[in-house]
Amino acid sequence: MSVATDERMRMIIQEFPKTELHLHIEGTFEPELVFEIAKRHNVAIPYRSVEEVRRAYDFHDLQSFLDIYYRAMSVLLHEEDFYDLTIAYLQRVSRQGVRHAEIFFDPQAHTSRGVSFETVVTGIHKALEEGERRLGISSKLIMCFLRDLSADSAMETLDAGLSFKNWIFAVGLDSKELGNPPEKFEAVFKKALDEGFMAVAHAGEEAPAEYIWQALELLGVSRIDHGYHCLEDARLVEKLASEQVPLTACPLAAVGVRYFDSVEHFPLGKMLQLGLLVMVNSDDPAYFGGYVEENLAAVQKAIRLNEQDILHLLKNSFKASFLEPERKQKFLRELDEKYASL
Ligand code: HPA
Ligand code: ZN
């Protein structure tokens with residue numbers, strides 16, 4: 001049975017299987033839940049309504065976003081708060097075709113406020129287990145080091161994470177990029193890899209291509225988060241394309257912090273043309289106007305991607321994941337079958 005073109009595109013974007021590979025769980029903290037948890041703990045927040053909170057989400061760079069992001073998460077105190085945050089995310093994206101999610105969390109943003117690593121990771125982990133059981137979404141957890149804190153602090157965080165090796169799959173690197181190059185964390189990542197974690201890092205988001213080189217050569221990462229600045233360096237593009245190093249692009253977030261002045265200028269088309277293994281993710285959906293489906297829809301419309309382009313992006317999201325090879329192949333086959341039967 002054939003369906004109208006717009007309806008076909010809607011179905012592909014909304015219903016087809018997909019992964020999310022660049023998602024900060026603290027970035028899914030919707031204002032409604034911020035209010036609910038603040039009330040639960042009787043803590044005051046400097047906003048009177050959900051609308052007032054949303055009006056404050058007008059960022060001009062990465063730091064102006066991070067300021068609000070860290071402030072909002074300060075109401076998260078107990079295991080159940082982290083559970084509620086995570087299950088709310090999974091419930092939402094189970095309606096968007098997400099079948100597998102690789103989720104960042106920022107331990108230091110909580111341990112620095114006196115919340116234990118164990119509290120944070122247990123709350124998140126219990127929700128991820130529940131998500132797999134009840135919603136059929138598999139997941140892997142990635143603990144990120146805040147790069148604007150010291151390498152010693154990152155090392156302490158890694159050491160705390162060693163007690164939860166069964167629950168944590170990889171390490172990552174996020175927060176203020178400029179002035180905090182990957183080389184600062186070389187020893188931490190070396191130890192993480194020796195301990196059996198995989199590694200990823202935000203690089204080339206606001207800083208130049210050199211940070212991407214460092215992430216690859218000094219940190220041993222398997223994926224680059226964002227990575228837009230690779231486009232300034234032809235030799236780097238050549239390496240990323242020939243080795244198929246994944247780049248986790250986040251269109252609405254990149255526009256939200258004004259790296260690009262509109263989704264029309266987001267370089268996804270160019271990245272695809274260059275043969276880079278890129279896919280669409282949401283980063284901090286509560287702050288930037290959308291989860292993975294809204295990101296895909298926005299970019300499809302803005303740069304007029306066709307059905308094959310979207311299918312390609314969805315396939316890339318599975319190829320770039322840390323899923324076991326058989327599950328990857330199963331999802332890739334399922335995508336082809338679904339497309340053939342549209
Ligand atoms: N970049 C850096 N740090 C972050 C981000 C991001 O996209 N999201 C949450 N912390
Ligand atoms: Zn990010």
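Just the heavy atoms: all of them, side chains too, but no hydrogens, waters or symmetry mates, feed the values below. We're numbering straight along the sequence, starting at 1. Both ligands and their constituent atoms are indexed starting at 1 by order of listing. Just so you know, these numbers come straight off a predicted model, no measurement behind them.
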#### Entry: Audit row: Leu23, Glu102, side-chain contact (heavy atoms from CB on, under 4.5 Å) steps and yes/no
CA-CA 7 Å; Leu23 184 277; Glu102 301 190 351; over 6 Å; no
Electrostatic pair [X]-[Y], nearest N-O below 4.0 angstrom:
X      : Y      : result
Glu238 : Arg235 : no
Glu324 : Lys140 : yes
Arg10  : Glu7   : yes

[X] and ligand 1 - part of the residue with a heavy-atom distance under 4.0 Å:
X      : value
Glu205 : side chain
Tyr69  : side chain
Asp225 : neither
His226 : side chain

Taking 4.0 angstrom as the limit and counting only heavy atoms of [X], give me the atoms of ligand 1 inside it, by number and element.
X      : result
Phe65  : 8 (N), 9 (C)
Leu66  : 3 (N), 4 (C), 10 (N)
Asp284 : 5 (C), 8 (N), 9 (C)

Whether the [X] and [Y] side chains hold a donor-acceptor pair (N or O, under 3.5 Å, no angle test) is what I'd like checked.
X      : Y      : result
Asp106 : His24  : no
Glu264 : Ser262 : yes
Ser282 : Asn295 : no

### Task
Locate the shortest heavy-atom distance separating Ile142 from Val171; write the atom from each residue and the value.
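Heavy atoms of Ile142 and Val171 come nearest at CG2-C, 3.6 Å.
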## Note on the structure
Smallest heavy-atom separation, Ile13 atom then Lys18 atom, equals O-NZ, 2.8 Å
### Query
Has His226 got an N, O or S atom lying less than 2.8 Å from the Zn ion (ligand 2)?
no
Give the name of the N/O/S atom in [X] that lies closest to the Zn ion (ligand 2).
X      : answer
Asp283 : OD1
His202 : NE2
His22  : NE2

### Message
Does the residue Ser175 have a heavy-atom contact with ligand 1, meaning some pair of atoms that are separated by less than 4.0 Å?
### Response
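It does; at least one heavy atom falls under 4.0 Å.
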### Query
Which residue supplies the protein heavy atom nearest to atom 5 (C) of ligand 1, what is that atom called, and how far is it?
His24 NE2, 3.4 Å
### Query
Starting from atom 7 (O) of ligand 1, which protein heavy atom do you reach first, and at what distance in Å?
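Checking every protein heavy atom, the shortest distance to atom 7 (O) of ligand 1 gives Asp283 OD2, 2.7 Å.
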